[in-house]
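What follows is one structure encoded as structure tokens, with my remarks underneath.
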Amino acid sequence: MPRLCSLFLSLAALSAASASASPDGGELQDFESPYPRQAHALTSQGQALSMAYLDVRPEGPGNGRTAVLLHGKNFCAETWEDTIAALVGAGWRVVAPDQVGFCGSSKPRGYQFSFAQLAANTHGLLQALGVERPVLIGHSMGGMLATRYALQYPDAVARLVLVNPIGLEDWQAEGVPYATVDQLMEGERRTTAESIRAYQRKFYYDGRWDPRYDRWVEMLAGLYAGPDGELVAWNQAQTSEMVFTQPVVHEFPKLRVPTLLMIGGKDRTAPGAHRAPPQIAARLGDYPALGRRTVQAIPDAELVEFPALGHSPQVEAPEQFHAALLPRLAR
């Protein structure tokens with residue numbers, strides 16, 4: 001397959017841009033995971049690929065139930081560390097995959113990314129693991145994926161939990177201009193630990209920062225800084241285009257599974273808003289309003305609000321988050 005030289009950033013330039021990060025392999029080979037990482041082999045779009053996943057089980061018989069945790073675009077399975085511990089401690093089996101193109105999974109050079117394809121990949125993994133009708137918990141982009149999964153496989157989901165999902169609004173329909181994958185790649189090539197930290201501080205944590213978050217920043221930055229950095233950046237550009245062009249918001253009324261919506265009210269995430277005119281950008285990412293609108297759109301939904309928290313309540317305030325989550329899952 002010819003190299004997409006005109007599209008990919010050279011390895012040397014990308015490594016220099018991310019010099020502040022410790023380089024990891026393109027599948028997080030050098031990142032210390034809190035739980036054993038396993039691999040699921042699959043063939044997709046004519047390619048032999050691998051999905052990394054965590055499969056953590058309680059000591060003893062547990063409660064017989066499984067939770068599947070779906071990461072966001074700027075997150076990995078490992079970012080669920082505290083939630084995995086809380087769920088396993090309450091008797092749950094927990095499966096947390098990395099999607100193709102992300103974190104510990106394969107980075108294909110040519111791949112048609114879609115939420116439907118990622119849902120199919122995840123469904124295949126769960127079938128291989130013998131997991132039937134799990135509770136599906138999706139955060140950020142994982143919330144869009146969890147929604148697509150529940151629409152695609154409605155009989156295979158017991159309950160849906162959406163944690164500050166992106167996609168509660170259709171940015172293109174709201175007036176945000178489209179960006180090609182090539183244009184998005186230009187932004188990806190400028191990614192550093194500092195740029196990741198600045199973005200998350202502004203949009204995820206309402207201008208605040210805790211040193212605890214640095215580990216997750218370095219995890220992402222290490223992917224860009226490593227020897228497979230050009231593929232990491234390219235897949236990230238492709239999936240940014242996927243997020244923008246494949247909205248799920250219009251299909252919320254079709255959901256047929258009980259849904260728990262958990263919203264940190266300080267979140268202002270709105271992919272592509274920087275491309276929009278100021279008057280449009282200003283109204284995007286209003287999570288308190290989006291959460292209340294979404295709970296009305298989903299037929300069987302409950303809203304839990306965390307007014308003082310941001311995009312990642314499970315990372316920012318795990319005890320508060322799990323105190324709200326676990327009793328509701330036990331119902």
Side-chain angles (χ1 to χ4, degrees), residues 26-28 37-55 66-80 94-129 131 134-157 160-168 170 181 184 188 220 223 231-252 254-255 257 259 271:
E27 296 177 6
L28 284 180
R37 191 183 296 136
Q38 302 184 57
H40 168 67
L42 70 155
T43 299
S44 179
Q45 299 182 19
Q47 302 181 65
L49 303 174
S50 175
M51 279 184 74
Y53 67 95
L54 309 177
D55 187 355
T66 301
V68 175
L69 310 183
L70 302 179
H71 64 79
K73 188 174 183 299
N74 295 323
F75 303 85
C76 298
E78 281 81 3
T79 321
W80 287 108
V94 178
V95 176
D98 284 333
Q99 297 302 319
V100 167
F102 292 87
C103 305
S105 294
S106 296
K107 309 295 184 302
R109 287 188 180 275
Y111 201 70
Q112 182 177 327
F113 280 97
S114 70
F115 285 117
Q117 176 69 74
L118 298 185
N121 295 348
T122 303
H123 189 56
L125 167 65
L126 297 181
Q127 287 184 313
L129 296 178
V131 174
V135 169
L136 212 58
I137 305 177
H139 169 240
S140 192
M141 181 200 77
M144 294 184 77
L145 174 56
T147 301
R148 177 56 57 207
Y149 190 104
L151 291 165
Q152 201 158 306
Y153 307 105
D155 296 330
V157 180
L160 191 61
V161 181
L162 305 178
V163 183
N164 278 78
I166 59 172
L168 300 184
D170 183 340
V181 176
L184 293 167
E188 292 294 338
L220 294 177
L223 287 166
L231 274 178
V232 170
W234 181 246
N235 283 174
Q236 287 297 300
Q238 290 177 291
T239 51
S240 289
E241 199 269 355
M242 172 188 74
V243 164
F244 188 76
T245 59
Q246 298 178 29
V248 295
V249 60
H250 309 297
E251 297 177 79
F252 284 149
K254 298 179 183 178
L255 284 170
V257 297
T259 301

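The distance between the ring centers of His71 and Phe102 falls below 6.0 angstrom.
Across all their heavy atoms, Leu160 and Ala150 have their closest contact at CD2-CB, 4.1 Å. The two residues Val257 and Pro154 make their nearest non-hydrogen contact at CG1-O, 3.8 Å. Residue Leu184 comes nearest to Ala237 through the heavy atom pair CD1-O, 3.5 Å, listed as atom of the first residue, atom of the second, then distance. Of all heavy-atom pairs between Glu27 and Ser106, the closest is OE2-CA, 3.7 Å. Pro108 approaches Asn235 most closely through the heavy-atom pair O-ND2, 3.0 Å. For the residue pair Ser140 and Gly72, the shortest heavy atom distance occurs at CB-CA, 3.8 Å.
The distance from the CZ atom of Phe113 to the CD atom of Gln246 is 11.0 Å, given to the nearest 0.5 Å. Note that the CG atom of Leu118 and the CD atom of Gln99 stand 5.0 Å from one another [nearest 0.5 Å]. Here the straight-line distance linking atom CD of Gln45 with atom CD of Gln112 works out to 6.0 Å at 0.5 Å rounding. Note that CZ of Phe115 is 8.5 Å distant from OG1 of Thr239, once rounded to the nearest 0.5 Å. The structure places NE2 of His40 at 9.0 Å from CG of Leu126, a figure rounded to the nearest 0.5 Å. Distance CG/Leu145 to CD/Gln152: 9.0 Å, rounded to 0.5 Å.
Residues Leu70 and Met141 form no side-chain contact, since every pair of their non-hydrogen atoms from C-beta on lies 4.5 Å or further apart. Inter-residue side-chain proximity for Phe252 and Leu168 is flagged as met; some heavy-atom pair is nearer than 4.5 Å. Using a 4.5 Å heavy-atom cutoff, the side chains of Val95 and Leu69 are not in contact. The shortest distance between side-chain heavy atoms of Lys107 and Val100 does not fall below 4.5 Å. The closest side-chain heavy-atom distance from Val68 to Val135 is not below 4.5 Å. Contact of the Thr66 side chain with the Val94 side chain is not registered, since no non-hydrogen atoms from C-beta on lie closer than 4.5 Å. Using a 4.5 Å cut-off on side-chain heavy atoms (C-beta onward), Leu129 and Tyr53 make contact. A heavy-atom distance below 4.5 Å is not found between the side chains of Leu136 and Val161.
Relative orientation of the Tyr153 and His123 rings is parallel, given thresholds of 30° and 60° on the angle between their planes.
Between the Arg109 side chain and the Trp234 main chain, no donor and acceptor come within less than 3.5 Å of each other. In this structure, Ser105 contributes its side chain and Ala52 its backbone to a donor-acceptor pair below 3.5 Å.
Take Pro247 and apply the side chain to side chain contact (heavy atoms under 4.5 Å, CB included) test, not counting sequence neighbours, and it matches Asp170, Val249, His250. Partners of Ala77 according to the side chain to side chain contact (heavy atoms under 4.5 Å, CB included) rule, which considers only residues two or more places apart in sequence or in another chain, are Leu54, Ala96, Asp98. With sequence neighbours excluded, the residues that form a side chain to side chain contact (heavy atoms under 4.5 Å, CB included) with Ser44 are Leu42, Leu49, Tyr111, Gln117, Asn121.
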Determine, stepwise, if the pair Thr79 / His139 fulfils side chain to side chain contact (heavy atoms under 4.5 Å, CB included). CA-CA 10 Å; Thr79 321; His139 169 240; over 6 Å; no

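With no hydrogens or angles considered, no side-chain donor-acceptor pair links Glu251 and Thr147 at under 3.5 Å. Checking Lys73 against Ser240 by side-chain atom types alone, a donor-acceptor pair falls below 3.5 Å.
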